[in-house]
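Here's the structure, in structure tokens; my notes come after.
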Amino acid sequence: MTTDIEVTSDGFTRRAEGPGVRRRVAGAKWFLGIALLVMLLAVIAYAQRADNDYTPLSIKNYEPDGARALAEVAGDRGLDIRQIDELSDAHIFDPDATTLVIANGQSLQAFQARTILDYPGDVVIIGDSQALFAELGEDLWVVESTERTLEAGCSHVDARAAGTVTTSGAVIAGTTDATARYCFTASDNGGSTVVFTHGTGGGRVTLVADPAIVINDTIDNEGNAALALRLIGKHDKAVWYLGSYFDTTTLTWTSADGPQGPAHRDDIPASTDFLPPGTGNAVFALVLAMFVVALWRARRFGPLVHEPLPVVIRSSESTRGRARLYRSAGASGRAAASLRASAATRIGARIGVPRSASKAALIAATARAAGRSAAEVEAILYGPAPQSESAMMDLVEQIDTLEREVHRT
Amino acid sequence: MYITGWTALLAALGAIPATITRSQDIAWLWMFGVLTLAVIDALAAPSTRSIGVRREVPHAVRLTESTTSTLTLANTSSRRVRGAVRDAWPPSAGAGPNRHRYSLKKGRTQVFTTPLMPTRRGDRKAAHVTLRMEGPLRLAGRQRALPVNTTLRVLPEFASRKHLPARLARLRELDGLSPILMRGAGSEFDSLREYVIGDDVRTIDWRATGRRADVVVRTYRPERDRRVFIVVDTARLSAARVGDAPRLESSIEAALLLSALASRAGDRVQVTAFDRVERARAQGASGSVLMPVLASALAPVEPHLIETDWPALVRLIGERLSQRALVVLLTTVDIALVDSGALQAIAALQRDHHVVLASVDDPDEGQMLESRGDVEAVYTAAAAARGRIERDTVIARIRKSGADVVTALPDDIAPRLADTYLALKASGRL
């Protein structure tokens, strides 16, 4: 780095002549090759991506949790099946000849559920949906059963044709209106996998508790395929609705009497929580922009600067280290000796006894100053070393008291 | 290469087409489009060769005082160049806003200043000057860090200079220049004058009185032209912190105050910073030149984590001094002095010179001595007491050889040492 720097005679530093970025890039053929390869891979990945999606229950998804197999087979048999992400995209012109499939209705809200149940044609509801179940009956909910293979056990023609289905255990508990028929009933908790009932608009509504009946992974088990095909293929057309939290629209259709809106239009609350259409895409674009922001902020304006730092050890650390050594060794005798010696020095300085004076002279002078007996002072300052830490603490107390008495005079 | 905030903003604007078309693909396309545009803009930016950089700082600045780093940019290309420049300094140089935007027409120069407020003594070596050259769209540009060698010398603060006027007044009293005390102290004979009431009768010169009709007294003044040799110990004990700064900082303050005082008193001052080898040296200067020379010499001195070589120090002092002098050792009184040969060295120096040993006390120690409460606190007090007893023993052994020992808290060591010097001068022991 330093080799390509030159300093001019008037003290200016600048980068010396050398191959620029453009020439270096042009010189590196392998770099261009790798760039082309990356672009090619990106294009291939994009093309692959357009054909598939990874949303569970999507009819374009060929993963184990998709419903592509069902849609392909039904399509081959002449069913016109179409997937929508928003209820308003349904564009149904003949409800009598169109089956509406609600796959993944978890995100539906009550006002959307009401428009779906008002639909006069056939409706198939796959999986759990609190909003739809709440509109159909107060005590409908999905529970877990231990049985995996279930017999039809009812007289409904579609159920009898399927005979036996396999599930992952989800069944519907509770009852709805009197005309409802409960099929594939589990013996352990009485819940049913499929419930045939009627909507508020008079259409036939079929509840399928378990998506395992339609997904790629398990559709070929037992009578799953038969049941699924019979449910969605009753008419020439089917609209496959894949719920999403960004969808706040309601279902509309055109019947012989003209366009039909939701019957409960006035029930739709005007809430500011409603996200306008395209919000999801806007959020996605902003997330991508965050990567650009990261690139912008991550580029440092020049290298980091070094700072040689001075020592930060405090001078008192060595004293504290010595204190810890005393403590770990339980050196109460030695500690007391130090404290006694330093107290004796201070007392001596206070009452004017020179350092060179004898022990007896210091004891006598201290006893006079403190108003105590010489024996007492000798025991405190020159007594036997304490044998325990508690004895040391007591001794320190006595030394401090003696020192205070001397200093008071 | 770098990208600007405009690129990020442009990328964020991709939310609008993505919302209108409700397509994630458009969002991807938009982002890649913006990035491609940024790359093209960076390739179109001027080369980092087109700008020359010159950085200038004053030779030295005193700690706690502020200065500026001046950066001159010259456009040597044949087109207009826009961008930003960063004048990088280490944190202890205390640089203020150091990023500047520039816009230079062909052949023009532009000057930028970065305020500096150093927080630590020593040589502060400047870091790179980083240039950013903006592309025509301002979306991206080129970046280059140029190593421009610049060093700012930060001199010791010399906070103890506030003690100087009082000590100089005391020095004038000693000199007999002050009108308050007519008779100067000291031991060097100055002049004869008539006796006035209040003079010490012991100073009457009977021989001169006999020759004249009046009673005549001798006046004395302190000796002049004495040598003062100050040694700043930079070995491991000088690195430990007392209060907020290493011990060395207090030693340097004390050395500066003593030098200022001694040079005014007419003595010749030499200073050396020493551990195993000489780290800095100031000698031969006097008068107004002395203090700048001294401050500059001591500025880059740092503590070294090694033991002082005392015999080598004795040899060094022997080479430098040919006559009796005052040798001031700014070191640390510690039990380690006993093993390191310091006591023998001090005794050897004391034979030819007068030695004063100055040491900075730890302000934490007093607090630790009085700590009580639990067993740990008492052990701490015992350790502090033991340390003090050991130090007192060492001090007593040094004093036995005739040397003086001055110990004080970090802020007091400089004035205390100066007072010791004045006391020595007054008593004529120099």
Side-chain angles (χ1 to χ4, degrees), chain A residues 1-2 5 8 10-17 20-22 276-279 281-286 288-289 291-293 295-296 299 301-303 305-307 310-320 322-327 334-336 338-339 341-342 345 355 389 392-393 396 400, chain B residues 2-5 7-8 11-12 14-15 18-20 22-24 27 30-31 34 43 47-49 51-54 74 86 88-92 99 127-128 130 144-148 239-242 246-247 303 362 364-365 368 372 375-376 378-389:
Chain A
M1 175 143 184
T2 47
I5 299 295
T8 57
D10 51 356
F12 280 98
T13 305
R14 67 193 270 262
R15 197 157 76 80
E17 292 291 330
V21 176
R22 261 171 298 189
T279 306
N281 300 100
V283 169
F284 183 79
L286 289 175
L288 289 185
F291 285 105
V292 180
V293 171
L295 282 180
W296 165 44
R299 180 71 168 116
F301 199 158
V305 182
H306 301 271
E307 168 92 52
V311 176
V312 289
I313 305 293
R314 302 193 64 80
S315 174
S316 54
E317 280 301 311
S318 58
T319 308
R320 294 193 191 282
R322 180 183 260 186
R324 281 191 287 271
L325 273 181
Y326 282 173
R327 172 139 206 214
R334 192 170 175 80
S338 301
L339 288 168
S342 96
T345 312
R355 282 172 67 96
E389 284 179 349
M392 178 185 74
M393 295 298 280
V396 168
D400 287 347
Chain B
Y2 72 96
I3 60 171
T4 64
T7 312
T19 311
I20 292 168
R22 298 199 206 169
S23 160
Q24 296 188 348
W30 183 278
M31 190 187 74
V34 167
L43 289 175
S47 158
T48 47
R49 272 195 297 275
I51 294 252
V53 178
R54 189 168 64 196
R86 171 178 171 232
W89 285 86
S92 60
R99 293 168 184 215
H128 294 83
T130 308
R144 185 84 181 181
L146 299 177
V148 183
R241 292 205 164 208
V242 286
R247 263 207 187 90
D362 187 353
D364 291 347
E365 199 192 59
M368 286 161 78
R372 295 287 188 272
V375 175
E376 194 168 344
V378 169
Y379 276 129
T380 306
R386 172 63 57 183
R388 181 164 283 189
I389 291 164

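No experiment lies behind these values; they were computed from the predicted model shown. Letters go in sequence order (proteins before strands), and every chain restarts at 1.
- Of the listed residues Leu288(A), Val396(A), Leu325(A), Leu286(A), the one with more heavy-atom pairs under 4.5 angstrom with chain B than any other is Leu288(A).
- Inter-residue side-chain proximity for Thr380(B) and Arg320(A) is flagged as met; some heavy-atom pair is nearer than 4.5 Å.
- Residue with the most contacts toward chain A among Ala240(B), Gly387(B), Ala88(B): Ala240(B) (heavy-atom pairs, distance under 4.5 Å).
- The side chain to side chain contact (heavy atoms under 4.5 Å, CB included) search around Ala383(B) returns Thr319(A), Arg322(A), Ala323(A), Tyr326(A), not counting sequence neighbours.
- With sequence neighbours excluded, the residues that form a side chain to side chain donor-acceptor pair (under 3.5 Å) with Glu307(A) are Ser92(B), Arg120(B).
- Between Ser315(A) and Arg247(B), the side chains place a donor N or O and an acceptor N or O closer than 3.5 Å (distance only, hydrogens not considered).
- Per-residue counts of heavy-atom pairs under 4.5 Å with chain A were compared for Ala127(B), Ala239(B), Gly52(B); the largest is that of Gly52(B).
- Of the two parts of Glu365(B), neither the backbone nor the side chain holds a non-hydrogen atom closer than 4.5 Å to a non-hydrogen atom of chain A.
- Ranked by heavy-atom pairs shorter than 4.5 Å toward chain A, the options Ala384(B), Ala381(B), Pro91(B) are led by Pro91(B).
- Per-residue heavy-atom pair counts under 4.5 Å with chain B were compared for Ser342(A), Pro303(A), Ala285(A), and the maximum is reached by Pro303(A).
- Only the backbone of Ile313(A) comes within contact range of chain B, with at least one heavy atom under 4.5 Å from a heavy atom of that chain.
- Using a 4.5 Å cut-off between heavy atoms, Arg324(A) does not touch chain B at all.
- At least one side-chain heavy atom of Val378(B) sits less than 4.5 Å from a side-chain heavy atom of Leu339(A).
- Contacts with chain A were tallied for Val34(B), Ile389(B), Val242(B); Ile389(B) has the most, counting heavy-atom pairs under 4.5 Å.
- Using a 4.5 Å cut-off between heavy atoms, Arg86(B) contacts chain A through both its backbone and its side chain.
- Residues Ala282(A) and Thr19(B) share a closest heavy-atom pair of CB-OG1, 3.2 Å.
- Minimum interatomic distance between Arg15(A) and Leu146(B) (heavy atoms only, all atoms of both residues): N-CD2, 4.1 Å.
- Nearest heavy-atom pair, Ala11(B) versus Val292(A), reported as atom, atom and distance to 0.1 Å: CB-CG2, 3.8 Å.
- Only the backbone of Trp89(B) comes within contact range of chain A, with at least one heavy atom under 4.5 Å from a heavy atom of that chain.
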